[in-house]
Peer 1: 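Following this message is one structure expressed as structure tokens.
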Amino acid sequence: MSEEKKGLLARTPLQSKKFLAAMIWNLLWLALIGYGINQQISASTLNAMVYSSGLVQCLYLGGQSAVDAFVRKSFNLKKQEDTVVSRPK
């Protein structure tokens, strides 16, 4: 495996700016929900905050899964092309 591919596949989540942004976003949602509970806002507002937070997390995870599947498929196609081109005749 080339160094470039190793570098892309060996990244940890904390090295990803999108992951860090999503984690900060989730912490802010939790802080807002905690503030809402502390201030005793209505249950329907808290319910909306919880559903919004869950939706954001699901969309992030779904998007990351789709990107990971696309990248994995691209690597596999590139690998197949390399083996076809380098095959002796």
Side-chain angles (χ1 to χ4, degrees):
M1 186 177 288
S2 72
E3 289 298 318
E4 182 179 318
K5 287 182 184 177
K6 268 187 186 178
L8 288 175
L9 296 175
R11 289 182 63 185
T12 64
L14 292 177
Q15 293 173 328
S16 168
K17 292 175 189 167
K18 286 190 288 184
F19 179 79
L20 290 175
M23 292 307 297
I24 291 169
W25 182 257
N26 288 331
L27 289 174
L28 289 174
W29 271 114
L30 288 174
L32 284 174
I33 292 169
Y35 178 76
I37 291 171
N38 190 28
Q39 296 299 315
Q40 299 178 355
I41 61 174
S42 69
S44 62
T45 305
L46 282 175
N47 220 4
M49 292 170 75
V50 170
Y51 282 128
S52 298
S53 174
L55 178 66
V56 167
Q57 290 178 13
C58 288
L59 289 174
Y60 172 76
L61 290 174
Q64 283 302 109
S65 296
V67 168
D68 290 345
F70 176 76
V71 169
R72 202 172 303 118
K73 186 174 183 179
S74 296
F75 278 149
N76 288 338
L77 287 176
K78 179 70 174 161
K79 190 176 183 180
Q80 288 174 356
E81 287 175 3
D82 289 345
T83 57
V84 169
V85 171
S86 64
R87 189 180 297 164
K89 293 183 180 182

Peer 1: Return each pair, listed once, that meets side chain to side chain donor-acceptor pair (under 3.5 Å) where at least one residue sits in residues 44-54; pairs must be two or more places apart or across chains.
Peer 2: S42-S44, S42-T45
Peer 1: Taking the side chain as everything from C-beta on, heavy atoms only, tell me whether Q64 gets closer than 4.5 Å to L61.
Peer 2: no
Peer 1: Within this structure, what is the CG-CG distance for the pair L32 and L46, rounded to the nearest 0.5 Å?
Peer 2: 10.5 Å
Peer 1: If you link ILVMFWY side chains whenever their heavy atoms are less than 4.5 Å apart, which other residues fall into the same cluster as L55? By chain and number, please.
Peer 2: L59
Peer 1: How would you list all residue pairs meeting side chain to side chain donor-acceptor pair (under 3.5 Å) that involve residues 19-29, not counting sequence neighbours?
Peer 2: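 The answer is N26-Q57.
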Peer 1: Using side chain to side chain contact (heavy atoms under 4.5 Å, CB included) as the criterion, list what pairs up with Q40, not counting sequence neighbours.
Peer 2: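 Q40 satisfies side chain to side chain contact (heavy atoms under 4.5 Å, CB included) with no residue once adjacent residues are dropped.
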Peer 1: Who else is in the cluster with I24 when I, L, V, M, F, W and Y are joined by side-chain contacts under 4.5 Å?
Peer 2: L28
Peer 1: Please report the closest heavy-atom contact between I41 and M49, naming both atoms and the distance.
Peer 2: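 Between these two residues, the closest heavy atoms are CD1-SD, 4.0 Å.
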Peer 1: According to a hydrophobic-cluster definition based on side-chain heavy atoms being under 4.5 Å apart (Ile, Leu, Val, Met, Phe, Trp, Tyr only), do M23 and L30 belong together?
Peer 2: no
